[in-house]
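No experiment lies behind these values; they were computed from the predicted model shown.
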Amino acid sequence: MLKFIFVLFSLIPLVFMKMSWHLIHVMLYILTFMFMMVWEFPSLLLWGYLFMGCDVISFGLILLSFWICALMIMASQSVLNVHFNQQMFILMILMLLIMLYLTFSSMNLFLFYLFFESSLIPTLLSIMGWGYQPERLQAGVYLLFYTLLASLPLLVGIFYIYSQWGSLFMPLLMKMSLNGNSLFYLAMVFAFLVKMPMFLVHLWLPKAHVEAPVSGSMILAGVLLKLGGYGLLRLFNLLVILGVKFNYIWIGISLIGGCLVSFICLRQTDLKALVAYSSVAHMGLVLGGLMTLTYWGVCGAYTLMIAHGLCSSGLFCLTNITYERLGSRSLVINKGLMHFMPSMTLWWFLLSSANMAAPPTLNLLGEVVLLNSLVGWSWLSMFSLMGLSFFSAAYTLYLYSYSQHGKVYSGVYSCSGGYSREYLLLFLHWVPLNLLILKSESLILWL
């Protein structure tokens with residue numbers, strides 16, 4: 001595990017070389033495949049290596065971080081073309097990748113908290129430095145205050161655990177089950193609920209997505225939302241007794257909230273905001289499955305986290321490709337795209353169908369497993385799940401049909417194709433999403 005950290009840090013001096021952009025881009029792909037090869041040696045996947053370790057959950061999310069960061073560089077060609085602080089931009093991506101790698105491989109609870117919060121800084125700088133509108137400052141403040149204020153009680157909770165048990169070593173804490181009060185439970189869980197984000201504490205997300213550059217949206221949707229799910233997966237070994245008592249509250253909020261967010265999606269006219277709100281609906285389902293504390297719930301949540309990371313990131317790339325051509329993300333202007341960019345319509349269809357969990361995507365596997373776990377937990381959840389499934393298909397069809405069909409906006413009198421880079425970018429999002437279902441035992445049968 002430490003070898004990869006040393007390699008990542010050794011990439012930082014390359015940022016200041018002349019050909020740094022393409023060099024680091026290729027190096028990240030090579031690192032992704034090197035890390036994937038670790039899977040061939042199960043002995044390396046045990047907890048170990050001083051303060052760092054890796055198991056199945058960490059492995060999948062670290063691999064996703066490598067992959068999305070490499071694709072972020074590929075999607076951000078406009079930063080290179082206009083020579084807008086490209087070295088600083090690459091440095092931000094590398095720092096964010098290092099923070100994510102350290103977060104997912106930390107075995108100490110305090111170090112996990114430290115890197116979990118540190119990942120906020122490069123994200124904030126990328127939104128404020130390369131965002132599009134002046135409102136990005138407000139979006140940055142939203143992101144900072146929501147996340148930081150929710151995380152401070154978690155720090156106090158971690159110190160309380162240390163005072164009780166004298167250790168913050170995760171594998172050791174997994175063998176224990178804390179029996180605290182409701183305030184302790186809320187302090188430990190709330191930071192991750194905001195990061196997911198759960199409905200009612202989700203307002204920072206659409207704001208951050210709409211104002212972020214394409215790379216910021218990709219990493220936010222692809223990996224940073226998964227930090228909340230990962231934290232809950234790690235902590236619920238400690239909080240089983242309290243979880244059984246209080247989890248029904250979060251399941252109720254997330255499922256009903258998912259239906260309400262789906263209604264909000266149907267009223268959106270901004271492409272990016274629509275995809276951002278759909279992330280909240282999907283994360284509501286993930287949160288509901290996690291909170292059941294069942295084997296199916298945990299596996300389904302993990303599967304859907306990986307699937308949503310690839311699918312949502314791909315949709316943000318498509319939105320950006322259209323934005324670069326037309327200079328707007330409004331559905332009023334972005335209509336009839338089938339006439340304007342006919343070659344992109346196939347990719348809109350493929351990624352939209354993945355977003356509504358059509359076979360053979362990984363989203364389908366995740367959602368089927370989560371439906372099983374939630375209906376098994378309580379048959380009453382069936383009603384909100386029916387609404388959630390129906391309306392997620394409805395807003396995805398709304399996104400696809402309104403953007404692709406209809407009469408082209410009168411201000412657009414041309415026809416545009418995509419670059420090979422853009423097709424490759426979308427292909428690299430879509431292929432893992434459909435191939436991973438052929439090797440699903442690593443996602444479902446890992447406990």
Side-chain angles (χ1 to χ4, degrees), residues 56-57 60-61 63-64 67-68 196 221-223 225-226 229 233 254-255 258-259 261-262 265 274-275 277-290 292 294-318 346-377 381-401 426-447:
V56 180
I57 308 171
L61 290 167
L63 201 56
L64 184 68
W67 193 244
I68 296 288
M196 287 283 290
V223 186
L225 298 191
K226 314 302 172 276
L233 277 169
S254 57
L255 292 183
C259 293
V261 166
S262 301
C265 283
L274 203 159
V275 180
Y277 274 110
S278 77
S279 293
V280 180
H282 281 109
M283 286 294 114
L285 197 56
V286 168
L287 186 60
L290 266 176
T292 59
T294 56
Y295 174 76
W296 279 103
V298 168
C299 292
Y302 176 60
T303 308
L304 193 57
M305 282 198 295
I306 301 286
H308 174 265
L310 291 161
C311 170
S312 192
S313 176
L315 281 168
F316 279 117
C317 287
L318 272 171
L346 173 66
W347 290 107
W348 274 104
F349 170 74
L350 290 172
L351 287 163
S352 297
S353 59
N355 199 42
M356 67 161 102
T361 55
L362 196 60
N363 299 60
L364 175 73
L365 179 71
E367 289 203 13
V368 166
V369 174
L370 283 171
L371 292 179
N372 269 320
S373 71
L374 282 159
V375 174
W377 178 78
S381 64
M382 204 183 291
F383 300 108
S384 52
L385 286 170
M386 280 160 57
L388 195 56
S389 300
F390 176 77
F391 288 111
S392 72
Y395 67 67
T396 309
L397 284 169
Y398 162 68
L399 166 70
Y400 178 74
S401 58
L426 296 167
F427 179 78
L428 292 174
H429 276 106
W430 182 77
V431 165
L433 199 57
N434 288 267
L435 281 184
L436 279 170
I437 200 163
L438 301 175
K439 185 70 178 166
S440 57
E441 63 267 28
S442 56
L443 298 163
I444 297 294
L445 305 170
W446 48 269
L447 281 182

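Ser262 and Leu388 make their closest contact through OG-CD1, 4.0 Å (heavy atoms, listed as atom of the first residue, atom of the second, distance). Of all the heavy atoms in Ala301 and Leu370, the pair that sits closest is N-CD2, 3.6 Å. Smallest separation of non-hydrogen atoms from Leu304 and His282: CD2-O, 4.1 Å. Taking all atoms of both residues into account, the shortest heavy-atom contact from Leu310 to Pro432 is CD1-CB, 3.9 Å. Shortest non-hydrogen contact noted between Tyr398 and Cys265 is CE2-O, 3.6 Å. Closest of all the heavy-atom pairs between Gly387 and Cys259 is C-SG, 4.0 Å.
Val275 places a side-chain heavy atom less than 4.5 Å from the side chain of Ser312. Using a 4.5 Å cut-off on side-chain heavy atoms (C-beta onward), Leu374 and Leu385 make contact. Side-chain atoms of Val298 and Tyr302, non-hydrogen and from C-beta on, never get closer than 4.5 Å to each other. Counting heavy atoms from C-beta on, the side chains of Asn363 and Cys311 come closer than 4.5 Å. At least one side-chain heavy atom of Leu318 sits under 4.5 Å from a side-chain heavy atom of Trp347.
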Go through the steps for Leu433 and Ile306 under the test side-chain contact (heavy atoms from CB on, under 4.5 Å), then give the verdict.
CA-CA 9 Å; Leu433 199 57; Ile306 301 286; over 6 Å; no
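Residues that satisfy the ring pair (Phe, Tyr, Trp, His ring centres under 6.0 Å) test with Phe316, not counting sequence neighbours, are His209.
Between atom CH2 of residue Trp67 and atom CG of residue Leu428 there is a gap of 4.5 Å, rounded to the nearest 0.5 Å. Between the CG atom of Leu255 and the OG atom of Ser381 there is a distance of 6.5 Å, given to the nearest 0.5 Å. Here the straight-line distance linking atom CG of Leu287 with atom CG of Leu285 works out to 9.5 Å at 0.5 Å rounding. Rounding to the nearest 0.5 angstrom, the gap separating the CD1 atom in Ile57 from the CG atom in Leu233 is 4.5 Å. Remark: Ser440 OG to Leu362 CG distance equals 8.0 Å, nearest 0.5 Å. Interatomic distance, CD1 of Ile437 versus CG of Leu365, reported as 5.0 Å (0.5 Å rounding).
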With a 3.5 Å cut-off and sequence neighbours excluded, list the donor-acceptor pairs that the side chains of residues 350-357 form with protein atoms.
residue, atom, partner, partner atom, Å
Ser352, OG, Trp348, O, 2.6
Ser353, OG, Phe349, O, 3.0
Ser353, OG, Leu350, O, 2.7

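Between the Lys226 side chain and the Ala221 main chain, a donor and an acceptor come within less than 3.5 Å of each other.
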